[in-house]
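What follows is a short report on a single structure.
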2 protein chains.
Amino acid sequence: MTTAFRNWQAVQQEVLRRIHAREWAPGDLIPNEADLASEFGCARATVNRALRAVAEAGLLDRKRKAGTRVALQPVARATLSIAVIRQEVEEKGARYGYALLERSMTRPPAPVRAALNTADATLLHIRALHFADGAPYALEDRWINPQGAPGVLDQPFETTSANEWLLEHTPYTRGDIALSAQSATVAEARDLGCDAGAALFALTRNTWNGPVAVTRVRLLFAPGHSMQADL
Amino acid sequence: MTTAFRNWQAVQQEVLRRIHAREWAPGDLIPNEADLASEFGCARATVNRALRAVAEAGLLDRKRKAGTRVALQPVARATLSIAVIRQEVEEKGARYGYALLERSMTRPPAPVRAALNTADATLLHIRALHFADGAPYALEDRWINPQGAPGVLDQPFETTSANEWLLEHTPYTRGDIALSAQSATVAEARDLGCDAGAALFALTRNTWNGPVAVTRVRLLFAPGHSMQADL
DNA sequence: CAGAATATTATGTGCAGACATAATAATTGT
DNA sequence: ACAATTATTATGTCTGCACATAATATTCTG
């Protein structure tokens, strides 16, 4: 016995080792917390913390009374962090640039109205470009609900992106993100400086503050862009 | 006083409320755990649990001695769950289908060798199609290192996808995922039943078991595919 | 024997107290 | 004034105990 696993990370490591080594095979019921605690020479709370962490990673399924078992099909959960674009660009060691293309109050097209559930309201429409080292990096097409973002109408967004302003000044409670690929239209190709029809990575995000829609944004990245995540 | 926040979820709710209501504005230092505990009428451990959860969600930054402050730019962390393709298809209510296109032992092209760090070794190359309701859903192009996946050479992968077999039989310790967009080549278009040059959503994943590479897979999804995630 | 009531059990969570650790602030020595 | 040492402080975590809760197993009852 290598003796005592005294902290929860050590216990977690040992649990992971047993899962990877197939000592606990997928589907297996593992010993209960109390038993593991006495085996590891620590308190049950410590085992609980460790198992909870592993379960959050998707490798264990826990149910009261039923016990803890190794997940049959560990649903890999890639956590991709979506930062402010400026930050993203600067972290790649590039110089960030920003240019406003359009700013208007308009009644949005049907898909946007449907996604934000804003009926006939006119929304603030922002189109802007983000640059990395002078080259187009991403095209931002955003609709903002003034109801959900007080003070937004006073912002020109000529030098600061809506991206950053909203994040700092507008609270939100929930949102959803969709990632997809689409072909560049002629207009998009012109803005991004690529060929029409080029495959572009698209990120569409809706943000809500309770029941009220805040914003919907579609980011079209220049060709070659990829998002990375670890497992 | 709406009286005691007795469990950590209630404390978490209250903390989130204060952040959203800007009672604690971005950048602000919030009271320390002990103070909050006495304010909320619970133990410090309970406040700790709540704050830790909020910090994990990216809304708080915590540092020893420095204290806890509201994140200036809450890095949105979208957690996308990457399940087995069969599962993904069936969850959409579609009938799943699978067809093996190619199975061979080959020395992989340079990019794959570089990504897996396998030098001159020959790897098992699998190309397969996944169907949803009879229509091509995703094209799988996979390289498997027999060193990292014992028993894989005995598998025909004619009716079961490598995707599922590996997940169930091969342990791994880490992996990385890249999401991108790319144009369909003529061959890919033929397999997926779309036009050449169509924008396709691509997912490339490398998997490792400790220091040894297990597999690298590129999934090309049929046009229109999107990945969803919540914030 | 079917179905309802009850007991059992594993996880979920709370508490108070203790010590560990990292980061900052204050003090000291040169 | 500056650098090195020491004190302080907020978070991080462990412990042992208690009770809550959900899910299963068992017993009781018509």
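Protein chains get the first letters and strands the later ones, always in sequence-line order, with residue 1 at the start of each.
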Span of DNA chain C in contact with chain B (heavy atoms, under 4.0 Å):
dT13(C) to dT24(C)
Aromatic ring centroids of Y98(B) and H130(B) under 6.0 Å?
yes
Would you jot down, in residue-number order, the residues of residues 16-32 of chain B having a non-hydrogen atom under 4.0 Å from DNA chain C?
none
Apply side-chain contact (heavy atoms from CB on, under 4.5 Å) to T215(B) and R142(B), showing your working.
CA-CA 7 Å; T215(B) 185; R142(B) 182 186 293 271; 3.3 Å; yes
Partner set under salt bridge (Lys or Arg N to Asp or Glu O under 4.0 Å) for R18(B), not counting sequence neighbours
E14(B), E39(B)
Strictly distance-based, threshold 3.5 Å: is any side-chain N or O of D176(A) a donor or acceptor partner for the main-chain N or O of D230(B)?
no
Contact check, side chains of E164(A) and V84(A), non-hydrogen atoms, under 4.5 Å
yes
Does R64(A) place a side-chain N or O at less than 4.0 Å from the phosphate oxygens OP1/OP2 of dT24(D)?
no
CG of L36(A) versus P of dC14(D): gap in Å, rounded?
15 Å
Assess R216(A) against W143(A): is NZ or CZ under 6.0 Å from the centre of the six-membered ring, and within 45 degrees of the ring's axis?
no
Rounded to the nearest 0.5 angstrom, the CG-OG1 distance for L167(A) and T207(A) is 9.0 Å
In short, the helix from dC1(C)-dG30(D) to dT30(C)-dA1(D) is bent end to end, axes from five pairs each side, to 10°, by 0°
Taking the nucleotide of DNA chain C with the closest heavy atom to each, which residue, A66(B) or A34(A), is nearer the 5' end?
A34(A)
Short of 4.0 Å, heavy atom to strand atom, which residues of residues 43-58 of chain A count as contacting DNA chain C?
R44(A), N48(A)
Does a side-chain N-to-carboxylate-O contact under 4.0 Å join R17(B) and E23(B)?
yes
Kindly indicate whether a cation-pi arrangement holds for R205(B) with Y172(B), taking the cut-offs as under 6.0 Å to the six-membered ring centre and within 45° of the axis.
yes
Pairwise side-chain contact, S180(B) with F221(A), heavy-atom cut-off 4.5 Å (strictly under)
no
Which donor-acceptor pairs under 3.5 Å do side chains of residues 111-118 of chain A form with protein atoms, sequence neighbours excluded?
from	atom 1	to	atom 2	distance (Å)
R113(A)	NH1	P108(A)	O	2.8

Run the numbers on I177(B) and I82(B) for side-chain contact (heavy atoms from CB on, under 4.5 Å), then give the verdict.
CA-CA 10 Å; I177(B) 287 186; I82(B) 296 159; 3.0 Å; yes
Whether R86(A) engages the ring of F131(A) as a cation-pi pair (distance to the six-membered ring centre under 6.0 angstrom, angle to the ring normal within 45°) should be assessed.
no
